[in-house]
Amino acid sequence: MASERYNAPAREKHWRKVWQQAGLHRANNHDSRPKCYVLEMFPYPSGRIHMGHVRNYSMGDVFARYKAAKGFNVLHPMGWDAFGMPAENAAMEHKTHPGTWTLANIATMKSQLQSMGLSLDWSREFATCDVAYYRHQQKLFLDLYTKGLAYRKSSRVNWDPVDHTVLANEQVIDGKGWRSGAEVEQRELTQWFFKITAYSDELVEDLRTLENWPDKVRLMQTNWIGRSEGMLIRWALEKATAPASQSELQVYTTRPDTLFGASFLAIAPDHPLAIAAAKNNPDLAKFCDNCRRAGTTAAELETAEKHGFDTGIRAVHPLDKDWLLPVWVANFVLMDYGTGAIFACPSGDQRDLDFARKYDLPVVPVVLPAGEDAATFAITNTAVEGGGTMINSRFLDGSTPEQAFETVADQLSGEVLAGQPVGQRQINYRLRDWGVSRQRYWGCPIPFIHCDDCGPVPVPDDDLPVVLPDDAEFDKPGNPLDRHPTWKNVACPTCAKPARRETDTMDTFVDSSWYYARFTAPDAATPIDQDAAQYWLPVDQYIGGIEHAILHLLYSRFFFRAMCDSGQLKTKLREPFKALFTQGMVTHETYKSEGGAWLLPTDIKIEGEGKARVATELKSGAPVTIGGIEKMSKSKKNLVDPDDILEHWGADCARWFMLSDSPPERDVIWTESGITAAGRFVQRVWRLIDEVAERAVAPGTKQPDQLGELAADLRKSAHKTLDSVATSIESLRFNVAVAQIYEFTNSLSAATSKQSQGLDWALRDSAEILVQSIAPMMPHLAEECWARLGYNTLVANQPWPEADPALLVDDKITIAVQVNGKRRDELTIARDAAKDEIERAALALPSVARILDGRQPKKVIVVPQRIVNVVG
RNA sequence: GCGGACGUGGUGGAACUGGUAGACACACAGGACUUAAAAUCCUGAGACUUAACCGUCGUGCGGGUUCGAGUCCCGCCGUCCGCACCA
């Protein structure tokens with residue numbers, strides 16, 4: 001008996017070499033097996049992998065390996081989201097080229113990932129900063145431009161004063177830049193945009209087809225796109241009060257039913273009518289100016305109090321020519337949503353009500369909530385935003401708001417103002433076009449040349465790629481491309497006059513919007529190889545963090561459609577990711593020194609249990625405060641280095657722990673005892689297999705005709721495990737699969753000390769099943785065990801064993817027996833026993849008879865194979 | 001403010017369409033082996049009551065539906081997440 005401990009790190013190296021030499025994980029684009037494309041979100045090469053990566057990639061790998069065992073041709077690639085700001089910042093700090101920094105990080109992280117034993121096809125690896133990748137992205141950009149899906153416009157943009165770049169709305173969090181954390185300013189710049197709004201409706205509608213996406217993500221995208229159904233209504237302005245150039249005001253509303261509760265109109269400070277009116281009104285001009293200044297940061301906007309200014313302009317109510325309403329400029333009206341103008345019904349909208357109360361404007365209730373009396377009902381300081389019955393609304397009285405909406409919409413659509421319908425139904429979206437220009441060096445250059453005569457000219461295909469210059473200087477803030485004369489100044493491709501290159505580069509979210517497609521044929525001469533894409537897409541299982549629920553996933557869904565519609569991708573598909581899984585974070589306890597500094601877990605020592613746990617600094621012995629459990633982060637130093645874990649415990653142990661206990665979508669707490677337990681299990685499996693290998697029959701031995709009870713039970717439990725582990729992995733419930741394997745290991749372990757007819761055969765059968773069950777999760781250990789069981793094949797090449805259906809059902813089962821709904825006893829009976837037979841057996845139980853105490857049961861409910869409930 | 005998710009032992013968590021709550025693991029306690037420790041193996045354990053069996057209570061709180069509720073419905077409380085003047 002080999003009683004040596006299993007030396008995981010050493011053996012793992014060996015098996016990885018064997019796999020690599022066997023070319024085990026290379027995916028073939030031409031294969032008759034059904035395909036399965038498994039993808040985890042590719043990492044940003046920040047320096048070293050962290051535990052979040054370990055968790056993410058462990059999950060994907062289990063799925064990929066399992067699918068391969070199930071007979072699928074699996075594509076499981078890896079690459080690098082390699083453009084972006086940190087490289088440029090590092091270049092500034094350390095005087096290295098961003099590319100040098102990035103490639104060094106990639107080398108480190110690749111070797112780290114390789115030591116995890118992931119079944120990745122490294123032959124398809126690429127980084128988005130490779131010219132071979134981004135040249136195709138430039139082609140895609142030009143195709144989008146040709147299709148009208150990429151365009152330039154001047155717009156007010158979010159400007160990050162620290163990073164000196166423009167940010168998308170999605171990259172502004174609480175008014176601050178998502179990377180720099182600096183207060184974002186508003187600036188007017190000409191920028192490149194992708195027309196994502198052309199797909200607003202489709203992007204929200206098709207979420208319904210994404211049945212294997214988390215509801216949470218679909219809901220977040222729905223809210224982000226923000227579809228609303230309403231009306232455009234045109235209000236005539238009273239001539240005497242309006243600026244000469246303005247005769248009407250168009251508002252967008254979702255509540256035309258509340259028109260009779262209208263109290264005033266409000267327009268944004270940037271609205272053309274406001275600007276026109278301000279020309280002859282210095283006070284108004286000053287007010288608008290103040291609004292703009294106050295509104296420079298989104299954070300201030302959120303807390304800003306409502307302010308207004310009566311322009312003196314009067315508008316005619318569309319349903320009553322004699323009814324004039326004042327037009328106010330209000331700071332809470334947004335120029336870039338709807339028409340930048342609203343009509344206010346204070347009784348039905350809290351914001352309008354707040355405003356009306358402040359400036360003493362009329363408040364007329366028009367919706368009477370259920371249970372209120374029309375005679376006494378009054379609005380105080382809470383608007384009625386729910387349903388009810390229309391009141392004070394003339395011909396709408398008595399109907400529901402929904403009916404009133406229809407009535408008003410129909411009527412206003414039929415009426416005419418200056419030759420146009422007064423109202424029309426309109427669907428609005430919160431989603432805005434995606435600004436992709438970034439004033440940075442380390443990104444994909446936008447392939448355009450600006451000519452004073454010809455305007456922006458696309459770089460001709462033959463001149464692609466536009467390659468980043470290597471000799472840029474990073475010693476000051478701002479865009480190095482903009483101050484690189486030899487790169488920037490070129491001849492216009494159309495007229496040959498001196499012209500300038502576009503110096504903006506693309507948002508890195510463009511890079512990650514199509515990498516999954518490039519993986520299907522990473523060396524193709526065109527961006528996409530149609531055959532490969534046809535074969536592999538969509539991604540069957542995509543796995544990544546919830547933090548990408550909106551940005552990356554929405555952009556990718558858009559870009560996929562844009563590639564289809566611009567002809568680069570010929571497919572009937574509309575969605576790139578068939579199934580999505582968002583895994584939880586890795587968390588850890590935090591530690592603080594007396595001085596308030598965060599401490600690494602490796603710098604402290606913990607003694608005692610539970611509430612008596614006391615931590616001290618290793619070096620000084622100084623007391624340490626044990627803090628809360630939080631997401632692992634550099635700033636709080638509650639980090640565990642994957643390298644340390646892999647070197648000490650091995651990859652299998654780390655993987656197993658990451659998959660145990662916590663449901664994958666929830667956060668997992670990294671604990672010392674957790675990794676220790678996983679390590680214990682690794683050794684236990686090895687000992688157990690070793691023991692079985694000593695005793696069991698030779699590989700390939702035929703099943704004996706007769707199995708003793710114990711042997712038969714063990715075999716049953718093995719096949720049940722096989723079946724349930726498969727189901728758990730299919731549904732990505734790895735923690736459940738782990739528990740099922742633990743349970744089976746306990747049974748197998750117990751059986752080794754027993755005797756039974758055919759047990760030596762059953763032990764081998766069960767041991768092999770155990771090894772194959774753990775293989776997707778602990779692939780190295782499984783190989784070692786497979787070899788120990790006498791095979792010279794690779795378990796990674798073995799098909800997933802088919803569970804024998806006959807073994808999955810028991811002929812005798814145990815069901816609970818309740819009396820008046822309380823469990824009193826249990827009953828073991830033939831699985832197919834008839835109802836009356838079960839009833840008789842249940843009533844015969846002493847415990848049941850005792851409680852009934854001679855009384856006749858009123859009723860007996862028998863659910864075969866489940867339960868008996870005696871009602872007495 | 002709006003929208004959503006979640007709440008189960010000391011801890012992480014399990015429980016298929018309502019049908020034996022607490023699988024599995026951690027931590028803990030006792031025992032075996034050992035000079036001792038580590039490692040390993042065995043045993044115990046939701047709470048209360050009891051010598052033990054029995055019994056009672058028990059899935060955040062309060063109601064309800066049902067023969068039967070962790071699971072379904074209504075109302076609260078708490079935690080977390082997303083959006084945030086989107087008309």
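All values reported here derive from a predicted model rather than from experimental measurement. Here is the naming used below: chain letters follow the sequence lines, and residue numbers restart at 1 for every chain.
With C1' as the reference atom, B/rA69 and B/rC73 are 11 Å apart, rounded to whole Å. Here, B/rG12 and B/rG22 have their C1' atoms 13 Å apart, quoted to the whole Å. Taking the C1' atoms as reference points, B/rU20 lies 37 Å from B/rA39, given to the whole Å.
Under the side-chain contact (heavy atoms from CB on, under 4.5 Å) criterion, A/Ala266 pairs with A/Phe264, A/Ala330, A/Val333, A/Ile342, sequence neighbours left out. Remark: A/Val809 pairs with A/Arg831 by the side-chain contact (heavy atoms from CB on, under 4.5 Å) rule, at least two apart or across chains.
Taking the O4'-C1'-N9-C4 or O4'-C1'-N1-C2 dihedral as appropriate, B/rG9 has a value within 90° of 0 and is therefore syn.
If A/Asp349 and A/Ala677 are placed on RNA chain B by their nearest nucleotide, the residue sitting closer to the 5' end is A/Ala677. In this structure, A/Ala341 and A/Ser749 both approach RNA chain B, and ranking their closest nucleotides by distance from the 5' end singles out A/Ser749.
Judged purely by distance below 3.5 Å, without hydrogens or angles, the side chains of A/Tyr337 and A/Ser228 pair a donor atom with an acceptor atom. Using modelled atom types and a 3.5 Å distance limit, the side chains of A/Asp433 and A/Thr197 yield a donor-acceptor pair.
Side-chain atoms of A/Arg824 never come within 3.5 Å of backbone atoms of A/Val848 as a donor-acceptor pair (strictly under, hydrogens ignored).
Cation-pi geometry between A/Lys306 and A/Phe355 is not met at under 6.0 angstrom from the ring centre and within 45 degrees of the axis.
Proximity note for A/Arg680 (side chain, C-beta onward) versus B/rA25, B/rA87, B/rU40: the nearest is B/rU40. Proximity note for A/Leu219 (side chain, C-beta onward) versus B/rC41, B/rC85, B/rG4: the nearest is B/rG4.
Taking a 6.0 Å sphere around NZ of A/Lys358, one finds it holds more than 12 heavy atoms contributed by other residues, nucleotides or ligands.
In this structure B/rC61 sits in a base pair with B/rG75, meeting the Watson-Crick or G-U test at under 3.5 Å. Nucleotide B/rC2 has B/rG82 as its partner under the Watson-Crick or G-U criteria, with both atom distances under 3.5 Å. With both pairing distances under 3.5 Å, B/rG18 is matched to nothing as a Watson-Crick or G-U wobble pair. B/rA25 is paired with B/rU11 under the Watson-Crick or G-U wobble criterion, all donor-acceptor distances under 3.5 Å. When both distances must be under 3.5 Å, the Watson-Crick or G-U wobble mate of B/rA37 does not exist. Using N1 to N3 plus N6-O4 or O6-N4 for Watson-Crick, or N1-O2 and O6-N3 for G-U wobble, each under 3.5 Å, B/rA45 pairs with nothing.
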Review point. Taking protein heavy atoms under 4.0 Å as touching, what does nucleotides 10-23 of chain B look like 5' to 3' if B marks base contact, S marks sugar-phosphate-only contact and - marks none?
Key: --BSSSBB-BBS-B
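Only at 4.0 angstrom or more do the heavy atoms of residues 582-590 of chain A sit from any atom of RNA chain B, so none qualifies.
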Please tabulate, one pair per line, all N/O donor-acceptor pairs under 3.5 Å involving side-chain atoms of residues 654-670 of chain A, not counting sequence neighbours.
{"unit_1": "A/Arg655", "atom_1": "NE", "unit_2": "A/Met777", "atom_2": "O", "d": "2.9"}
{"unit_1": "A/Arg655", "atom_1": "NH1", "unit_2": "A/Asp61", "atom_2": "OD2", "d": "2.9"}
{"unit_1": "A/Arg655", "atom_1": "NH1", "unit_2": "A/Met116", "atom_2": "O", "d": "3.0"}
{"unit_1": "A/Arg655", "atom_1": "NH1", "unit_2": "A/Gly117", "atom_2": "O", "d": "3.2"}
{"unit_1": "A/Arg655", "atom_1": "NH2", "unit_2": "A/Asp61", "atom_2": "OD2", "d": "2.7"}
{"unit_1": "A/Arg655", "atom_1": "NH2", "unit_2": "A/Pro776", "atom_2": "O", "d": "3.1"}
{"unit_1": "A/Trp656", "atom_1": "NE1", "unit_2": "A/Tyr742", "atom_2": "OH", "d": "3.2"}
{"unit_1": "A/Ser660", "atom_1": "OG", "unit_2": "A/Trp656", "atom_2": "O", "d": "2.6"}
{"unit_1": "A/Asp667", "atom_1": "OD1", "unit_2": "A/Met585", "atom_2": "N", "d": "2.9"}

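Counting only residues at least two apart or on different chains, no salt bridge (charged side-chain N to carboxylate O under 4.0 Å, His left out) pair has a member in residues 669-684 of chain A.
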